[in-house]
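Taking it in order: structure first as structure tokens, then the write-up.
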Amino acid sequence: MNSNLQGLLKATSILKEKFGDIRIHVGDPISARSFLLPRVERHLTASVPSHLTSLLKSELSACEALGLHVLHKIQMGSLTSIWSIVCIQLMQALWKGQWMVPLRGLVEDVSWLVGIFQKVGGEVALEGPVEDAVRHSLEVHRQVAWLGTDDVIHIQQVHQPNQQSLHLPQKMATLSNGTIENAVTHLMLQHYVNQSLHLLIRPALVAQALVSRVSCNAVCPIEELQSRFFFLRSLLSNDFIFEKEAGGKDFMEGLSLLTWSGEVSFVQGSVHHVGRGNKLMSLLLSLLKPFVITYSCAAEILASQEWLDNGEVVLAIQGRVERLVASSGAYSALSLDPTRHALRSLLKLGMVEKKKGMGDQTILSPNQEKMQTVLQELSRGNEGVPRPKL
């Protein structure tokens with residue numbers, strides 16, 4: 001018998017396992033011609049043979065805009081799983097140091113969040129009662145969290161304290177055993193949270209823009225709030241998909257959710273932070289917390305000195321993040337991808353400049369004034385994220 005067939009027969013027990021559901025959604029077709037036609041002046045190169053031409057800056061920009069448009073359509077057409085919403089609530093518990101969550105309270109919070117996702121245009125994979133969906137998702141993902149006979153959900157500590165220390169490749173930070181014991185579970189939950197985070201990122205950025213300067217019951221002119229929103233949107237553009245030409249639309253969508261919830265009001269050209277309940281505002285700010293920590297630490301480290309562009313700055317940023325997450329509980333901020341994205345954003349926005357050093361060396365030189373802007377916009381609204389002093 002073929003060895004591959006033998007392996008297949010031996011693995012038939014795997015077919016009895018539950019791995020969740022698969023859904024396929026085919027979206028509406030996108031016409032590349034209709035999208036690019038108003039953005040590209042084809043007459044400029046139409047008479048030149050293709051092998052003699054290169055893409056103009058406007059053409060490259062149009063292609064990038066098309067790519068972002070397609071990705072945004074894919075995101076909005078994707079189905080939000082109940083498990084992703086469950087993980088948002090489990091992450092909130094972990095940040096408070098809680099590894100056990102009552103099922104009843106979780107079901108109530110998930111039901112509330114389902115309504116929020118539907119309000120912003122998300123389609124949630126929900127058939128039947130929310131509690132049944134939560135129980136099913138816990139059964140599928142029992143290696144992450146399991147439901148006890150007492151109807152209490154127990155979050156698994158994926159990395160056990162007695163396991164061998166994590167050996168990281170060269171040029172990666174060596175994290176302490178205590179950090180790793182907590183971080184593995186956080187990072188696993190963050191992976192599932194990220195699957196639905198795009199639906200809430202716009203109101204989350206509006207919330208961050210609002211609390212970065214004003215306190216409860218304070219007033220912010222809408223032009224100022226929109227300006228801060230645009231800055232944060234540009235800063236996080238490597239971590240989230242934003243269409244270039246949809247900034248105003250994104251802002252109004254984010255603001256409308258906060259207005260609908262009753263936590264802010266829009267009166268005579270100004271946004272009032274009413275703060276009724278603050279449940280939604282607190283959730284949105286907590287979802288941004290890992291990114292706030294990462295970007296704040298990146299700005300602090302880069303502003304502290306000039307750095308050689310050799311990867312050492314990434315290690316320094318992650319080291320600073322590790323010192324902060326112990327108090328904030330947001331261990332998912334240790335992910336290296338947002339750290340690299342933060343460095344790229346700060347370079348792109350001119351907060352850091354690349355200079356030529358001795359020989360072939362490249363030096364990263366900070367703009368202190370612009371760095372202060374980053375820290376001010378990320379300074380409030382997230383407990384456990386102190387504003388660094390430059």
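The residues of the chain are indexed from 1 along the displayed sequence.
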Determine whether more than 12 heavy atoms belonging to other residues, nucleotides or ligands lie under 6.0 Å from atom CE of Met188.
-> no

Taking it one step at a time, do Val313 and Leu364 satisfy side-chain contact (heavy atoms from CB on, under 4.5 Å)?
-> CA-CA 9 Å; Val313 66; Leu364 302 177; 4.2 Å; yes

Would you indicate whether the side-chain heavy atoms of Leu187 and Ser335 approach each other to under 4.5 Å?
-> yes

Which of Leu138, Leu189, Val86 passes side chain to side chain contact (heavy atoms under 4.5 Å, CB included) with Val144? Answer is Leu189

Residue pairs fulfilling side chain to side chain donor-acceptor pair (under 3.5 Å) with at least one residue in residues 111-122, sequence neighbours excluded | none

Lys244, NZ atom: more than 12 neighbouring heavy atoms under 6.0 Å | yes

Are Leu235 and Ile241 co-members of a hydrophobic cluster defined by side-chain heavy atoms under 4.5 Å apart?
-> no

Examine Leu236 and Leu68 and state if one hydrophobic cluster contains both, with Ile, Leu, Val, Met, Phe, Trp and Tyr joined whenever side-chain heavy atoms are less than 4.5 Å apart.
-> no

State which residues pass side-chain contact (heavy atoms from CB on, under 4.5 Å) with Phe35; sequence neighbours excluded, sorted by chain then number.
-> Arg39, Ala65, Leu66, His69

Where do Leu258 and Leu284 land on the side-chain contact (heavy atoms from CB on, under 4.5 Å) test, with the steps shown first?
-> CA-CA 10 Å; Leu258 294 174; Leu284 295 173; 3.6 Å; yes

Taking Ser256 for its side chain and Glu253 for its backbone only, find out whether a donor-acceptor pair lies under 3.5 Å.
-> yes

Hydrophobic cluster identity match, Leu308 and Ile317, side-chain contacts under 4.5 Å = no

Between the side chains of Glu322 and Thr179, does any donor sit under 3.5 Å from an acceptor?
-> yes

Which residues satisfy the salt bridge (Lys or Arg N to Asp or Glu O under 4.0 Å) test with Asp309, sequence neighbours excluded?
-> Lys354

Any chance the rings of Phe242 and Phe230 have centres within less than 6.0 Å?
-> no

Answer yes or no: are there more than 12 heavy-atom neighbours, outside Gln143 itself, under 6.0 Å from its atom CD?
-> yes

Of all residues at least two apart in sequence or in a different chain, which pass the salt bridge (Lys or Arg N to Asp or Glu O under 4.0 Å) check with Glu306?
-> none

Kindly state each residue pair satisfying salt bridge (Lys or Arg N to Asp or Glu O under 4.0 Å) with at least one member in residues 68-89, sequence neighbours excluded.
-> none

Just one of Val110, Ile85, Ile82, Asp132 clears the side chain to side chain contact (heavy atoms under 4.5 Å, CB included) bar with Ser137, so which one?
-> Ile82

Are side-chain N/O atoms of Ser286 and Gln92 paired as donor and acceptor at under 3.5 Å?
-> yes

Go through the structure and list residues passing side-chain hydrogen bond (donor to acceptor under 3.5 Å, both in side chains) with Arg135, not counting sequence neighbours.
-> Glu131, Asp151

Pair Lys279 + Asp109: basic N to acidic O under 4.0 Å = yes

